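Both backbone and side-chain heavy atoms feed into the values below; hydrogens, waters and symmetry mates do not. Bear in mind the structure is a predicted one, so any value in this text is a computation, not a measurement. Index from 1, following the sequence. As the structure lists them, so they are numbered: ligands from 1, and atoms in each ligand from 1.
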Amino acid sequence: MYDWLNALPKAELHLHLEGSLEPELLFALAERNRIALPWNDVEALRAAYAFNNLQEFLDLYYRGADVLRTEQDFYDLTWAYLLKCKEQNVVHTEPFFDPQTHTDRGIPFEVVLRGIKQALVDGEKQLGISHGLILAFLRHLPEGQAFKTLEQAMPFRDAFIAVGLDSSEQGFPPRLFERVFAKARSEGLHAVAHAGEEGPPAYIWEALDLLKIQRIDHGVRAIEDERLMQRIIDEQIPLTVCPLSNTKLCVFEHMGQHNILDMLERGVKVTVNSDDPAYFGGYVTENFAALHQGLGMSEEQAKRLAQNSLDARLV
Ligand SMILES: Nc1ncnc2[nH]cnc12
Ligand SMILES: [Zn+2]
């Protein structure tokens, strides 16, 4: 039904690998690693995917990530995502991974990175999907922990292209991470950050001015600040917008209220992404389809959005 959307070549620029963990794989990995789960079956787990805000989702997302233990687990997770990319004509992806979610559970950094990176390299060779991996810091943890993570990552510097900032936004402003971002940039890494998902426009200003990010993840609350909108338009700073995520996490009550097409028509470089597709009901094509159904996105607008994603790549 949405073959015309699948057919558009596109890049995905906002995807958490841990958020692509489908319930079926989650159960399979729990069995493989002999981990007891609080849900009886896949249906019971899916039924728990009802969220009122970002934090309710994150609590379940971190709980789900606990089944990821071995290099093979991280490989399987990443490979399953890449097969979806192939199906939907995502020709380039710049996914996030959250090392602290795993190192804090005692999983060595290199186990996580090796599994993910091997799958991405195989995806390039076997599926023709290019990539750039982004290391995201968890903002609800202290700056010192982010520095420690960056230190652990540096021996593998060439495995990724950028640092990002994710997790609970309210109460954890970008300015808390100014120094660790400066250090990462001094190592030649690109910088992106989640800002303006639940947090105020002030957080977007901080992310731009203090973290010196090149792309804003979400950023939908920029529309509340006209001066910020002008800057984003003038400087053509890309926004990685995630429509299904925003409705599932009640950033917008329903898709009809989403501002992505208003932003597009004002000249903002917006892109369409899936964020955590296993939890929010779909991958990139389903996000495009939701904009068609809920907002009346035209074919011409879909083409512009897909082209924006290719233009907004970091590599
Ligand atoms: N939508 C989101 N916002 C912040 N942190 C996240 N981690 C995974 N998904 C996220
Ligand atoms: Zn995200």
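Checked by atom type, the side-chain pair Lys212/His190 shows no donor-acceptor distance below 3.5 Å. For the residue pair Gln88/Glu286, the side-chain donor-acceptor check at 3.5 Å is satisfied. Under 3.5 Å, the side chains of Glu12 and Ser274 contain a donor-acceptor pair of N or O atoms. Side-chain contact annotation: His218 with Glu198, donor-acceptor N/O pair under 3.5 Å absent. Side-chain contact check for Tyr62 and Asp98: no donor-acceptor pair (N or O, by modelled atom type) lies under 3.5 Å.
Between Leu58 and ligand 1 there is a heavy-atom distance shorter than 4.0 Å. In this structure, Ser167 counts as a contact residue of ligand 1, since one of its heavy atoms falls inside 4.0 Å of the ligand. Under the 4.0 angstrom criterion for non-hydrogen atoms, Glu169 is not in contact with ligand 1.
Within the 2.8 Å limit, His194 places at least one N, O or S atom next to the Zn ion (ligand 2). Among the backbone and side-chain atoms of Asp166, none of the N, O or S atoms lies under 2.8 Å from the Zn ion (ligand 2). Taking backbone and side-chain atoms together, His16 has an N/O/S atom less than 2.8 Å away from the Zn ion (ligand 2).
Counting only heavy atoms of the protein, atom 1 (N) of ligand 1 lies nearest to Asp275 OD2, 2.7 Å. Among all non-hydrogen protein atoms, the one lying nearest atom 10 (C) of ligand 1 is His16 NE2, 3.6 Å. Looking only at heavy atoms of the protein, atom 9 (N) of ligand 1 is closest to Asp276 OD2, 2.7 Å. Remark: minimum distance from atom 3 (N) of ligand 1 to any protein heavy atom is reached at Glu197 OE1, 2.8 Å.
When the shell of 6.0 Å around CD of Glu253 is examined, it contains 12 or fewer heavy atoms from other residues, nucleotides or ligands. Remark: Arg105 CZ is packed, more than 12 non-hydrogen atoms of other residues, nucleotides or ligands lying under 6.0 Å away.
Considering backbone and side-chain atoms together, Asp98 places no N or O closer than 3.5 Å to any N or O of ligand 1.
Contact atoms of ligand 1 toward His218: 1 (N) (distance under 4.0 Å to a heavy atom of the residue). The contact set between ligand 1 and Phe57, taken as ligand atoms under 4.0 Å from a residue heavy atom, comprises 8 (C), 9 (N).
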List the steps, then state whether salt bridge (charged side-chain N to carboxylate O under 4.0 Å, His left out) holds for Glu24 with Arg46. CA-CA 10 Å; Glu24 289 77 8; Arg46 260 190 222 287; 2.9 Å; yes
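For Tyr203 and His194, the ring centers sit 6.0 Å or farther from each other.
The N, O or S atom of Asp275 with the smallest distance to the Zn ion (ligand 2) is OD1.
At a heavy-atom cutoff of 4.0 Å, ligand 1 is contacted by no atom of Glu18, backbone or side chain. When heavy-atom distances to ligand 1 are checked against a 4.0 Å cut-off, Tyr61 comes that close only through its side chain, counted from C-beta outward.
Seen from the ring of Phe280, Lys248 does not count as a face-on cation partner, given the 6.0 Å and 45° thresholds.
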